[in-house]
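Below you'll find the structure, written out as structure tokens, and then a few comments.
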There are 2 protein chains.
Amino acid sequence: MQTLRLFSDVARRHSFSEAAKLHGITQSAASQRMSSLEKRLGVTLFDRSVRPLALTEAGEIFLAGCSELLEQYDRLQRRVMGLGGDPSGSVRVSAIYSAGIDLLERIRIGFVAAHSTVNVEIHYQHPEKVYQSVREHECDLGIVSYPQRWRQVGVIPLRDEVMALVAQPGHPLTRRASVRPTDLNGVRMVNFDPHLPVARHIRSYLRHHGAEPIVEHQFDNIDTIKNAVASTDGVAILPRRTVMQEVEMGVLAAVALEPQLVRPLGIIFRPPQRGSEPFGDAARLFVEYLIEHGRLPATRLRQEVPA
Amino acid sequence: MQTLRLFSDVARRHSFSEAAKLHGITQSAASQRMSSLEKRLGVTLFDRSVRPLALTEAGEIFLAGCSELLEQYDRLQRRVMGLGGDPSGSVRVSAIYSAGIDLLERIRIGFVAAHSTVNVEIHYQHPEKVYQSVREHECDLGIVSYPQRWRQVGVIPLRDEVMALVAQPGHPLTRRASVRPTDLNGVRMVNFDPHLPVARHIRSYLRHHGAEPIVEHQFDNIDTIKNAVASTDGVAILPRRTVMQEVEMGVLAAVALEPQLVRPLGIIFRPPQRGSEPFGDAARLFVEYLIEHGRLPATRLRQEVPA
DNA sequence: TTTTGACATTAGCGTTTCTAATGCTATCAT
DNA sequence: ATGATAGCATTAGAAACGCTAATGTCAAAA
């Protein structure tokens with residue numbers, strides 16, 4: 001049983017040493033246990049010939065089964081131990097960078113304060129990696145923008161983030177109370193990398209409202225965009241929340257867009273296979289907390305942007 | 001894992017020593033392992049103060065969970081090992097005495113011949129015990145007559161056994177090609193114990209056809225009834241199949257009943273709980289074999305007896 | 001009450017599994 | 001290319017764990 005748990009951790013982290021540390025044993029012990037597990041099963045579970053350790057096909061299957069098995073065992077143990085109380089265990093979250101490290105960290109801290117038996121790990125990654133992590137059992141849930149009910153993932157809408165026009169404090173457009181898309185005609189703009197969902201939605205928003213800004217640069221990460229805007233005369237459309245701090249410090253200025261543009265954030269998870277629960281108890285608890293505390297205090301009605 | 005398997009066997013057999021033998025270890029080892037399991041869980045699983053060892057409430061819950069878990073693990077292991085072949089493991093069957101030791105044994109032998117990796121154990125018990133065994137996870141499936149979709153068990157009809165009038169070879173009624181219920185008026189009869197379902201159905205059959213035999217004795221077991229009939233002038237209504245041998249040997253005579261009376265046999269099983277399969281792979285295979293080979297060569301249409 | 005069967009307990013031993021140290025190899029940076 | 005680095009494999013020895021055998025205890029049956 002403990003060996004399965006070790007396997008699960010090794011597989012998710014793609015590392016013997018990390019998993020070993022986590023279990024309080026040496027890397028050597030982990031290696032030996034995994035070898036003997038493979039011998040028992042008569043199957044190679046890992047591909048050791050590549051450096052971020054990979055799983056073989058059999059390993060993938062075994063990982064999926066193990067996750068389910070372990071969760072089930074934990075549930076059983078909890079039931080038998082008569083604990084109606086908090087579940088224990090870990091929740092692994094993969095989030096896109098721009099989900100807001102500050103926001104998620106605040107939520108995480110509040111959560112572990114309320115449920116001290118649960119450990120929450122958040123990894124920030126590129127959107128593609130988030131989907132992949134969820135599909136490959138490397139995490140319990142993912143947080144992405146514009147969640148798509150893609151094959152192999154389920155979706156829970158989380159919140160709509162209001163987008164705002166961002167520019168240097170001295171920029172002419174920042175004088176106004178709000179900016180309309182047509183005001184951006186001919187304005188130099190910094191946008192997201194075109195293969196990020198958010199970039200496609202912004203372009204679509206602009207095109208449908210007849211705006212044709214000059215896209216000067218494209219970055220795949222919010223911080224770089226903020227830096228670019230702060231040091232040039234370009235503008236950008238970013239989630240208002242992500243620039244709050246810079247606005248207060250006077251480094252950037254933000255102006256409301258008219259009509260409003262929102263970026264939906266959502267939780268994605270691997271949908272239940274035949275007969276398994278979508279989340280483990282710890283993960284479910286966290287999702288509930290996330291929905292409760294992660295929504296905007298006063299959520300405005302979500303406004304659809306024509307695709 | 002192996003400990004869970006041991007627990008499962010101990011719980012089902014209500015015996016440390018038997019389970020230990022089954023696992024090729026000493027009773028002492030089994031005792032120690034179970035103690036340590038209890039310590040790990042922080043719960044008492046067994047009630048050791050009664051002699052056929054009992055399970056505590058927590059033990060019952062844990063057993064149900066373990067069964068599920070172990071089956072799931074076996075499935076996973078098989079998948080990973082790339083075996084699309086026969087499942088391995090044990091199938092535990094509880095059957096009523098009168099299901100026919102000869103019939104079931106023949107089926108069992110045929111089955112293990114075809115699937116050598118599967119072990120089949122059949123226990124013959126009283127009907128109540130069979131239901132209890134199924135409900136309490138002590139077996140994978142049960143075989144009973146007049147299966148009732150009682151709470152907590154699922155039902156698969158297996159076969160209808162034709163009932164016949166049985167008497168000493170010299171008895172007047174055995175001269176005839178068939179016997180009608182009214183012919184039994186005033187005849188001395190040996191019947192099943194009234195709290196067996198089959199007895200209630202026979203009485204109901206007789207009453208609805210206006211027959212009023214004199215019920216002289218009541219036994220809860222077919223062999224005793226056969227003995228009683230063979231050594232007195234009483235008659236009995238028994239499944240024809242169960243007296244074939246005695247008829248051939250000239251110890252008993254059997255005559256068809258008109259209208260026909262049948263006793264349905266069925267398979268009972270504990271219905272799937274949330275998300276678990278109704279049978280393990282080995283058990284499913286056996287059930288399929290049972291249905292295939294356990295039905296009468298030419299099954300006559302089942303004839304309902306008004307309740 | 002006595003007997004019997006079954007579980008608990010203990011000590012000692014054997015196997016398993018761990019650690020520590022070292023070697024090997026894939027990746028990365030220069 | 002070439003060396004540096006990180007991570008896994010392998011080994012031997014040590015610690016830990018689980019098993020057996022023997023004995024004690026208690027519930028159920030006679």
Side-chain angles (χ1 to χ4, degrees), chain A residues 1-60 62-63 66 121 123 125-126 129 136 138, chain B residues 1-60 62-63 66 70 123 125-126 129 136 138:
Chain A
M1 205 82 215
Q2 210 55 33
T3 299
L4 297 188
R5 221 172 282 276
L6 180 64
F7 166 80
S8 173
D9 284 325
V10 169
R12 277 191 239 265
R13 286 155 208 279
H14 298 284
S15 162
F16 282 42
S17 357
E18 273 187 52
K21 218 173 295 168
L22 207 79
H23 281 240
I25 61 176
T26 61
Q27 168 267 322
S28 170
S31 173
Q32 291 174 57
R33 282 243 292 264
M34 291 303 98
S35 295
S36 77
L37 175 63
E38 286 177 316
K39 212 175 76 189
R40 271 216 307 274
L41 294 172
V43 173
T44 305
L45 295 171
F46 301 103
D47 177 5
R48 297 160 162 89
S49 72
V50 294
R51 212 17 62 134
L53 193 68
L55 287 170
T56 62
E57 199 176 335
E60 295 282 3
F62 198 65
L63 174 58
C66 271
E121 298 167 25
H123 293 275
Q125 301 174 308
H126 281 274
K129 259 304 232 179
E136 292 182 2
E138 278 174 29
Chain B
M1 206 81 214
Q2 211 54 34
T3 300
L4 296 189
R5 224 172 279 276
L6 180 64
F7 166 79
S8 172
D9 283 326
V10 169
R12 278 192 239 266
R13 287 157 209 276
H14 299 282
S15 162
F16 282 43
S17 355
E18 273 187 52
K21 218 172 296 170
L22 207 78
H23 281 238
I25 60 175
T26 60
Q27 167 266 320
S28 171
S31 172
Q32 290 174 59
R33 283 244 292 266
M34 291 303 99
S35 294
S36 77
L37 176 63
E38 286 178 315
K39 210 174 77 190
R40 273 214 308 274
L41 295 172
V43 173
T44 305
L45 296 170
F46 301 102
D47 178 4
R48 296 159 162 89
S49 71
V50 294
R51 214 14 62 137
L53 194 66
L55 287 169
T56 62
E57 199 176 335
E60 296 281 2
F62 197 66
L63 174 59
C66 271
L70 290 172
H123 292 275
Q125 303 173 309
H126 281 273
K129 258 303 229 183
E136 292 182 0
E138 280 173 27

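Each chain gets a letter, A, B and so on, in the order its sequence line appears, and its residues count up from 1. Worth knowing before you read on, the calculation uses all heavy atoms, side chains too, and leaves out hydrogens, waters and symmetry mates.
Comparing A/P52 and A/A30 by the nucleotide of DNA chain C whose heavy atom lies nearest to each, the residue mapping closer to the 5' end is A/A30. Position along DNA chain D of the nearest nucleotide to B/S36 versus A/A29 favours A/A29 as the more 5'-ward residue. Residues A/T26 and A/S49 both approach DNA chain C. Their nearest nucleotides, taken by heavy-atom distance, put A/T26 toward the 5′ side.
Taking atom NE2 of residue B/H14 and atom P of nucleotide D/dA28, one finds them 15 Å apart after rounding to whole Å. B/Q27 places its CD atom 14 Å from the P atom of D/dA22, with the value rounded to the nearest Å. Regarding A/E38, its CD atom lies at a distance of 13 Å from the P atom of D/dC8, rounded to whole Å. One atom, CZ of B/R5, and another, C1' of D/dG18, lie 19 Å apart when rounded to the nearest Å. One interatomic measurement links the two molecules: CG of B/L53 to P of C/dA6, which rounds to 11 Å at whole-angstrom precision. In this structure, A/R13 places its CZ atom 18 Å from C1' of D/dC8, rounding to the nearest Å. Distance, B/M34 CE to C/dT9 P: 15 Å, rounded to whole Å. As a whole-Å value, the separation of A/K21 NZ from D/dA6 P is 11 Å.
At least one side-chain heavy atom of A/S28 sits under 4.5 Å from a side-chain heavy atom of A/Q32. The closest side-chain heavy-atom distance from B/L6 to B/I25 is below 4.5 Å. Using a 4.5 Å cut-off on side-chain heavy atoms (C-beta onward), B/K21 and B/T26 make no contact.
Distances from the side chain of B/S17 to the nucleotides D/dC8, C/dT19, C/dA6 place C/dA6 closest. Set against D/dT11, D/dC8, C/dT10, the side chain of A/S28 has D/dT11 as its closest nucleotide. You'll find that the side chain of B/I25 is closest to D/dT20, out of C/dT27, D/dC8, D/dT20. Nearest to the side-chain atoms of B/S15 among the listed nucleotides C/dT10, C/dT19, C/dC7 stands C/dC7.
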Open item on the list: Show, in sequence, the C-alpha distance, side-chain angles and deciding distance for B/F62 and B/F46, and conclude whether the ring pair (Phe, Tyr, Trp, His ring centres under 6.0 Å) test is met.
Closed with: CA-CA 11 Å; B/F62 197 66; B/F46 301 102; 9.6 Å; no

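Under 3.5 Å, the side chain of A/Q32 and the base of C/dT19 form at least one donor-acceptor pair of N or O atoms.
Look at B/R33 and you'll find a side-chain N or O under 4.0 angstrom from OP1 or OP2 of D/dC19.
Under a 4.0 Å N-O distance rule, the pair A/R12/A/E121 does not qualify as a salt bridge.
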